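Everything numeric in this text was worked out from a predicted model, so none of it was measured. Every number for a ligand or one of its atoms is a count from 1 in the order of the listing.
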Amino acid sequence: MQKGVTVWFTGLSGAGKTTISRLVETKLIESGIRVEAFDGDVVRRNLTADLGFSKEDRQKNIERVAFVAKLLTRNDVIVLASFISPYRQMRDYCRQEIGSFIEVFVKCSLAECIRRDVKGLYKKALNGEIPGFTGISDPFEEPDNPDIALDTEIEEPVESAAKIIEYLKQHRYITLERP
Ligand SMILES: Nc1ncnc2c1ncn2[C@@H]1O[C@H](COP(=O)(O)OP(=O)(O)O)[C@@H](O)[C@H]1O
Ligand SMILES: [Mg+2]
């Protein structure tokens with residue numbers, strides 16, 4: 001049993017959005033739940049390959065993603081969307097558009113994201129090689145009132161993923177046959 005919802009992971013690059021959403025995805029698939037995972041990096045290579053990182057392009061990127069997420073959500077798919085989505089306005093837009101929406105703040109300090117530097121992008125951004133890089137030369141507006149807040153400097157990825165699953169169960173978005 002499942003009821004459509006978009007679980008929207010927002011946070012700095014390297015905060016843990018992709019890592020945690022993959023764990024959630026695996027757990028849901030194992031439980032026979034229909035799920036679609038959407039990742040900024042992947043979407044930007046196809047659906048929005050024509051867009052850059054200006055505020056306008058970031059907004060367009062999110063609008064297209066919201067459109068697809070909405071279609072899936074209304075067909076009762078659990079959508080896991082991992083996008084930096086640095087502006088509050090964009091995230092509010094998604095909530096409005098999609099309706100059934102859970103905002104997850106994947107919290108991690110900039111210092112820790114720079115230390116992790118999973119893709120080597122912070123090094124480049126700090127060298128001035130990537131203009132408009134979130135956290136370095138572009139803002140990240142923290143969610144004021146997220147539905148779920150994860151702190152990836154304190155929790156293990158599996159703990160964060162378990163919190164999401166628990167939330168989905170408690171709010172009756174999913175019922176697991178095998179808990
Ligand atoms: N508690 C945690 N939750 C998520 N990721 C963590 C955590 N602790 C360390 N990490 C590491 O941080 C990195 C996060 O990268 P990623 O998931 O790609 O971030 P994002 O998708 O937000 O850019 C990974 O290398 C992951 O192993
Ligand atoms: Mg990612």
Side-chain angles (χ1 to χ4, degrees), residues 5-30 35-49 51-53 55 57-66 68-69 72 78-88 90-91 94-95 98 101-127 129-144 146-168:
V5 65
T6 291
V7 184
W8 190 274
F9 297 84
T10 175
L12 292 169
S13 175
K17 303 179 294 298
T18 301
T19 304
I20 295 164
S21 65
R22 283 211 182 111
L23 291 172
V24 174
E25 183 187 20
T26 305
K27 172 76 182 160
L28 293 178
I29 290 172
E30 279 171 8
V35 54
E36 188 60 62
F38 254 147
D39 205 284
D41 291 338
V42 179
V43 167
R44 278 188 172 279
R45 284 199 296 271
N46 44 71
L47 182 68
T48 59
L51 301 176
F53 290 86
K55 191 171 181 189
D57 277 9
R58 284 178 190 271
Q59 178 65 28
K60 280 190 205 161
N61 181 50
I62 295 303
E63 281 174 12
R64 287 187 206 167
V65 169
V68 181
L72 292 164
I78 308 294
V79 179
L80 306 173
S82 305
F83 293 87
I84 298 174
S85 44
Y87 296 97
R88 226 167 257 134
M90 299 174 166
R91 300 187 301 257
C94 291
R95 185 186 292 278
I98 301 167
F101 185 87
I102 301 168
E103 186 177 50
V104 181
F105 180 23
V106 184
K107 193 169 179 227
C108 186
S109 67
L110 180 63
E112 173 62 10
C113 290
I114 291 174
R115 198 192 61 73
R116 291 179 187 171
D117 206 5
V118 195
K119 296 175 229 159
L121 293 176
Y122 282 103
K123 186 159 179 259
K124 285 189 185 166
L126 287 165
N127 281 334
E129 291 167 44
I130 311 176
F133 193 80
T134 300
I136 305 297
S137 43
D138 224 41
F140 180 79
E141 299 174 354
E142 294 198 354
D144 287 327
D147 300 294
I148 305 174
L150 306 173
D151 188 336
T152 70
E153 285 180 84
I154 294 174
E155 301 159 19
E156 289 298 319
V158 283
E159 288 178 71
S160 301
K163 279 192 183 176
I164 307 285
I165 301 282
E166 201 42 50
Y167 186 97
L168 291 172

Might you confirm whether atom CZ of Arg22 has over 12 heavy atoms from other residues, nucleotides or ligands at distances under 6.0 Å?
no

Applying a heavy-atom distance cut-off of 4.0 Å, which protein residues contact ligand 1?
Leu12, Ser13, Gly14, Ala15, Gly16, Lys17, Thr18, Thr19, Ile20, Arg116, Val118, Thr152, Glu155, Glu156, Pro157

With a 4.0 Å cut-off, would you call Glu159 and Lys163 a salt bridge?
no

Salt-bridge contact Glu112-Arg115 (side-chain N to carboxylate O under 4.0 Å)
yes

Does Gly14 offer a backbone N or O that forms a donor-acceptor pair with the side chain of Arg116 under 3.5 Å?
yes

Using 30° and 60° as the class limits, which term best fits the ring planes of Phe83 and Trp8: parallel, tilted or perpendicular?
parallel

Assess whether side-chain hydrogen bond (donor to acceptor under 3.5 Å, both in side chains) is satisfied between Glu153 and Ser109, documenting all intermediate values.
CA-CA 8 Å; Glu153 285 180 84; Ser109 67; 3.1 Å; yes

Please check if the distance between the ring centroids of Phe9 and Phe105 is under 6.0 Å.
no

Can a cation-pi geometry be assigned to Arg58 and Phe133, taking NZ or CZ under 6.0 Å from the six-membered ring centre and within 45° of the ring axis?
no

Taking it one step at a time, do Ser21 and Ser82 satisfy side-chain hydrogen bond (donor to acceptor under 3.5 Å, both in side chains)?
CA-CA 7 Å; Ser21 65; Ser82 305; 3.1 Å; yes

Taken by chain and residue number, the protein N/O/S atoms under 2.8 Å from the Mg ion (ligand 2) read Thr18 OG1

